[in-house]
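Data first, discussion second: the structure below is written as structure tokens.
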Amino acid sequence: MEYKRILASALTLTLAAAVAGCGDKGSSSESSEATTASTEPSTVEATEATTEELEPPKPVEASDPNAITFDDGDFSFASPKTTDDDSAQGTLEVVEVQGNKMLRFTDDGNNHANGTVQKIQIDAVKLLSHENVAKVRSIQFDVYADATASDFKNDDGELLKAPGWIGGGGGANVAGDKWYQFGEWSGGEYNFEMSGAAHAEFKFVLAAGGQCWDETMEEAVFLIMRWGAQNEGNMYVDNIVFYDENGDSLPIEKTVDEALAAADQAEAEARAELEAALSGEQEAAVDKAVDDGIAAAEEALAEAQSKADEAIAEASSMIAAQQ
């Protein structure tokens with residue numbers, strides 16, 4: 001009987017080991033499946049991240065209540081400076097980019113080829129009171145550039161319709177009929193036709209020594225210049241703000257002459273629209289009169305023809321009766 005007990009115990013141990021082995025095998029399989037499952041999402045996410053399309057940069061909205069945004073379409077205080085030997089040739093206009101209006105230096109298409117400098121001149125006297133002109137210690141604004149040709153070559157040697165690096169500097173006339181040089185600004189866009197904003201700041205760092213504007217100046221101009229263009233294109237400016245020594249923005253107070261000029265421009269545009277509308281109405285009235293006249297003439301001709309036919313018929317009847 002003793003050997004039976006020993007045999008039974010051995011059989012029990014063998015069965016227990018087999019069951020345990022099956023359990024371990026199941027756990028290992030489940031663990032492997034779990035590991036595989038956990039790695040799959042990260043692979044998909046990585047693939048999605050690498051194939052995500054780039055979005056074109058958006059214009060910056062003004063954050064200061066005293067910013068010049070060009071939303072009213074007025075740029076009578078700005079002019080293109082095209083008379084210097086290195087000046088690019090072009091004109092100024094207000095255009096809308098993705099719902100945001102800004103001032104554009106529209107180049108004649110030869111800036112990149114000729115290596116010239118796009119220049120926009122702003123007169124602060126037409127924007128600020130004389131008192132506040134003297135308080136200006138810094139000027140901030142946003143600069144953009146676009147591409148109008150496919151002449152930008154990237155690192156892979158591809159020619160793209162993108163502005164590439166954009167940058168420049170500026171300067172201003174100051175008291176004593178001197179020229180003050182500001183610092184530089186830069187930005188870039190290598191994937192799309194239009195760049196994002198390159199935020200620039202011009203500072204009168206030598207204001208304590210009189211290198212700034214004063215109240216007596218009849219013209220206080222500063223230049224925004226773009227140089228080193230890597231492609232043909234235009235320059236844009238938006239959100240100009242003037243700041244005093246405390247970093248507070250100065251209120252825009254357009255001069256009376258400027259206000260009158262803007263009013264005259266608005267009146268001229270209104271007159272042109274009215275004349276165009278009247279011209280359209282008059283043209284329509286003339287067309288209607290001509291059409292009515294033709295219809296009346298045709299009706300009169302038909303009536304005369306009918307009467308002539310009746311007269312001929314009556315005359316023929318009388319002749320036949322006499323015979």
Kindly compute the distance separating [atom1] ([X]) from [atom2] ([Y]), expressed to the nearest 0.5 Å.
X	Y	atom1	atom2	answer
Asn100	Asp71	CG	CG	6.5 Å
Ile122	Phe141	CD1	CZ	9.0 Å
Ile240	Ser249	CD1	OG	14.0 Å
Glu55	Phe192	CD	CZ	8.0 Å
Met235	Trp227	CE	CH2	11.0 Å
Glu232	Asp151	CD	CG	6.5 Å

**Message:** Determine whether Asp86 and Lys119 satisfy the following criterion, salt bridge (Lys or Arg N to Asp or Glu O under 4.0 Å), listing intermediate values before the conclusion.
**Reply:** CA-CA 10 Å; Asp86 65 345; Lys119 303 178 183 181; 2.8 Å; yes
Taking side chain as C-beta onward, heavy atoms only, is [X] less than 4.5 Å from [Y]?
X	Y	result
Asn132	Pro251	yes
Asp244	Leu250	yes
Val133	Glu215	no
Cys212	Arg137	yes
Tyr144	Val60	yes
Val94	Arg104	no
Asn231	Pro163	no
Lys126	Ser76	no

Does a side chain donor of either [X] or [Y] reach within less than 3.5 Å of an acceptor in the other side chain?
X	Y	value
Tyr236	Asp146	yes
Glu219	Asn173	no
Thr106	Glu93	yes
Asn234	Asp107	no
Gln140	His199	yes
Asn114	Thr116	no

**Asked** Is it true that atom CG of Asn246 has more than 12 heavy atoms of other residues, nucleotides or ligands lying nearer than 6.0 Å?
**Response**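 Enclosed.
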**Message:** Heavy-atom count check: over 12 atoms from other residues, nucleotides or ligands less than 6.0 Å from Asp156 CG?
**Reply:**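 Count over threshold, so yes.
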**Asked** How are the rings of Phe204 and Tyr180 set relative to one another: parallel (under 30°), tilted (30 to 60°) or perpendicular (over 60°)?
**Response**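 Rings of Phe204 and Tyr180: tilted, 30 to 60°.
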**Asked** So Trp213 and Phe222, would you call those rings parallel, tilted or perpendicular, with 30° and 60° as cut-offs?
**Response**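 Plane angle between 30° and 60°, so tilted.
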**Flag, side chain of Asp291 to backbone of Ile294, donor-acceptor distance under 3.5 Å** =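 Answer holds: no.
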**Message:** Check whether Asn154 reaches the backbone of Gly157 with its side chain - one donor and one acceptor, N or O, closer than 3.5 Å.
**Reply:**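 Yes; judged by distance alone, with no hydrogens or angles, the pair exists.
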Following the transitive rule for hydrophobic clusters with a side-chain heavy-atom cut-off under 4.5 Å over Ile, Leu, Val, Met, Phe, Trp and Tyr, establish whether [X] and [Y] coincide in one cluster.
X	Y	result
Leu92	Leu127	yes
Ile224	Phe77	yes
Val237	Val136	yes
Leu128	Phe75	yes
Val95	Phe105	no

**Message:** As a quick check of understanding, evaluate side-chain contact (heavy atoms from CB on, under 4.5 Å) for Val174 and Trp179, giving each step before the final call.
**Reply:** CA-CA 6 Å; Val174 292; Trp179 183 253; over 6 Å; no
Looking at every heavy atom in both [X] and [Y], which two are closest together, and how far apart are they?
X	Y	value
Phe152	Gln230	CE1-OE1, 3.6 Å
Phe202	Leu223	CE1-O, 3.5 Å
Ala220	Val125	N-CG2, 3.4 Å
Met225	Gly170	CE-CA, 3.8 Å
Glu189	Ala162	O-CB, 3.8 Å
Asp123	Glu218	OD2-O, 4.5 Å

**Asked** When Gln118 is tested against each of Gln89, Arg226, Lys81 for side-chain hydrogen bond (donor to acceptor under 3.5 Å, both in side chains), which residue passes?
**Response**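 Filter result, single survivor: Arg226.
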**Request:** Test side-chain contact (heavy atoms from CB on, under 4.5 Å) on Gln98 and Lys58 and set out the steps.
**Result:** CA-CA 7 Å; Gln98 298 184 43; Lys58 297 180 179 179; 3.7 Å; yes
**Stepwise side-chain contact (heavy atoms from CB on, under 4.5 Å) test for Val241 and Ile139** = CA-CA 6 Å; Val241 186; Ile139 311 164; over 6 Å; no
**Asked** Any salt bridge between Asp74 and Lys254, counting N to O under 4.0 Å?
**Response**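 Salt bridge: yes.
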**Message:** Salt bridge or not between Lys101 and Glu96? Use side-chain N to carboxylate O under 4.0 Å.
**Reply:**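 No salt bridge links Lys101 with Glu96.
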**Request:** Starting from the C-alpha separation in whole Å, work towards a yes-or-no answer on side-chain contact (heavy atoms from CB on, under 4.5 Å) for Tyr243 and Asp64.
**Result:** CA-CA 11 Å; Tyr243 294 94; Asp64 193 287; 3.9 Å; yes
**Prompt:** When Leu103 is tested against each of Ile120, Ile68, Asp238 for side-chain contact (heavy atoms from CB on, under 4.5 Å), which residue passes?
**Reply:**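 Single side-chain contact (heavy atoms from CB on, under 4.5 Å) partner of Leu103 among Ile120, Ile68, Asp238: Ile120.
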